[in-house]
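Structure, as structure tokens:
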Amino acid sequence: MTPSAKATASKGSHPNAHRGPLEWRMLLNWLAEDGILTPQDVDTVMQRFAAGTSAQHPLVRLASLGLKRADTGTALELEPLTEWLAQRVKLPYLRIDPLKVDVARVAEVMSITYAERRKALPVYVGANEITIATSEPLDVAWVEEILAHTRKTIQLAVANPLALHRYRTHFYTLARSLQDSKKKTGEGGAHHIE
């Protein structure tokens, strides 16, 4: 069963949910609530992060600290953190498989500039559905634009922010090469949302 874009976009909401980019303070609170970080770890991270701002995604910042999970004793690493976030916001977790992505169709949905701004990447474009990976599952106001542009059901999935960045650059470079070769052979190009 595939949820509609509205259902998918609001799925991660709960009574205290905020909309917009993820904030490290909110993630710390959730990690403490879920028993993944101890109150002492939360205090240590709060003091460290409060000292300055960072352009890094909050999951990347948290994973870089070398913390241990309070519940399992294992390292608090980026991929498991991403999977935890997906469960927390009630969206599917997606480990991007580059071999399963139709690179030529990625650019049909949105431009690279749009994808970078939204921290998103279309990973599946079907006849009636598009799956878009994101590292910002609470910043989803843009989903309505994609829905209006494509007239397809939108399924969001949470993906590792570093993998998302790496594959976004790679896929759009390949998509541009494919479009350039189509132009040379006289085939039409796709229109995407800017």
Side-chain angles (χ1 to χ4, degrees), residues 1-23 26 57-59 82-194:
M1 184 171 87
T2 303
S4 70
K6 283 185 182 179
T8 303
S10 64
K11 229 176 155 179
S13 63
H14 54 77
N16 300 323
H18 92 230
R19 290 285 170 219
L22 292 171
E23 297 172 355
M26 177 184 61
H57 190 281
L59 289 180
T82 304
E83 194 167 359
W84 161 81
L85 177 63
Q87 291 171 355
R88 190 60 147 96
V89 298
K90 297 176 177 58
L91 285 174
Y93 160 76
L94 178 70
R95 182 174 279 207
I96 299 170
D97 182 347
L99 300 176
K100 293 184 179 178
V101 176
D102 184 353
V103 175
R105 310 267 331 254
V106 166
E108 292 176 10
V109 178
M110 63 182 74
S111 70
I112 188 169
T113 305
Y114 190 92
E116 286 172 348
R117 189 168 64 241
R118 304 303 185 194
K119 307 280 189 286
L121 177 65
V123 291
Y124 170 77
V125 182
N128 300 310
E129 178 183 321
I130 299 171
T131 301
I132 301 176
T134 181
S135 60
E136 289 291 348
L138 302 180
D139 192 10
V140 294
W142 56 270
V143 172
E144 291 299 323
E145 294 173 357
I146 301 299
L147 180 63
H149 168 69
T150 63
R151 302 194 190 291
K152 296 182 182 189
T153 302
I154 308 300
Q155 170 69 52
L156 292 180
V158 180
N160 172 329
L162 295 180
L164 199 60
H165 176 74
R166 180 176 68 246
Y167 287 127
R168 189 170 43 236
T169 303
H170 181 67
F171 293 164
Y172 276 95
T173 301
L174 286 173
R176 179 169 286 142
S177 295
L178 289 170
Q179 285 176 345
D180 289 347
S181 70
K182 283 182 180 181
K183 285 179 187 174
K184 288 178 184 174
T185 61
E187 294 179 41
H191 299 288
H192 54 245
I193 193 162
E194 295 288 335

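Counting begins at 1 with the first residue of the sequence.
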Check side-chain hydrogen bond (donor to acceptor under 3.5 Å, both in side chains) between R118 and all other residues, then give those that pass, not counting sequence neighbours.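 Here no residue qualifies.
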Identify, with sequence neighbours excluded, every residue that meets side-chain hydrogen bond (donor to acceptor under 3.5 Å, both in side chains) alongside W142.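 By the side-chain hydrogen bond (donor to acceptor under 3.5 Å, both in side chains) rule, W142 matches no residue at all.
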Say you draw a straight line from [atom1] of [X] to [atom2] of [Y]; how long is it, rounded to the nearest 0.5 Å?
X: H149; Y: E144; atom1: NE2; atom2: CD; value: 14.5 Å
X: I130; Y: I154; atom1: CD1; atom2: CD1; value: 4.0 Å
X: L85; Y: R88; atom1: CG; atom2: CZ; value: 9.5 Å
X: D139; Y: T134; atom1: CG; atom2: OG1; value: 7.5 Å

Kindly state each residue pair satisfying side chain to side chain donor-acceptor pair (under 3.5 Å) with at least one member in residues 96-105, sequence neighbours excluded.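 Qualifying pairs: R105-E108.
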Per the side chain to side chain donor-acceptor pair (under 3.5 Å) rule, what does the pair list look like for residues 156-178, sequence neighbours excluded?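 Counting only pairs at least two positions apart or across chains, the side chain to side chain donor-acceptor pair (under 3.5 Å) contacts touching residues 156-178 are E79-N160.
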Below 4.5 Å, heavy atoms only, C-beta onward: do [X] and [Y] meet side chain to side chain?
X: Q155; Y: P92; answer: yes
X: P161; Y: T82; answer: yes
X: P21; Y: L138; answer: no
X: E136; Y: L22; answer: yes
X: V106; Y: V125; answer: no
X: V103; Y: F171; answer: yes

Got a sec, which residues hit side-chain contact (heavy atoms from CB on, under 4.5 Å) with A133, two or more places apart in sequence or on another chain?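 A133 satisfies side-chain contact (heavy atoms from CB on, under 4.5 Å) with L94, I96, V123, A159, L164 once adjacent residues are dropped.
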Sequence-distant partners of N128, side-chain contact (heavy atoms from CB on, under 4.5 Å), two or more places apart: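 Scan of N128 (side-chain contact (heavy atoms from CB on, under 4.5 Å), adjacent residues dropped) gives none.
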So does E129 get a backbone contact from the side chain of T153, meaning a donor-acceptor N/O pair under 3.5 Å?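 Flag not set: sc T153 to bb E129 has no pair under 3.5 Å.
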Is the backbone of S135 close enough, under 3.5 Å, to the side chain of H57 for a donor and an acceptor to pair up by distance?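 Here the side-chain-to-backbone pair exists.
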Set out, in order, the CA-CA distance, both residues' side-chain angles and the distance that settles side chain to side chain contact (heavy atoms under 4.5 Å, CB included) for I146 and I132, then state yes or no. CA-CA 10 Å; I146 301 299; I132 301 176; 4.1 Å; yes
Which heavy atom of K152 sits nearest to which heavy atom of L147, and what is that distance?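 Taking K152 first and L147 second, the nearest heavy atoms are O-CD1, 3.0 Å.
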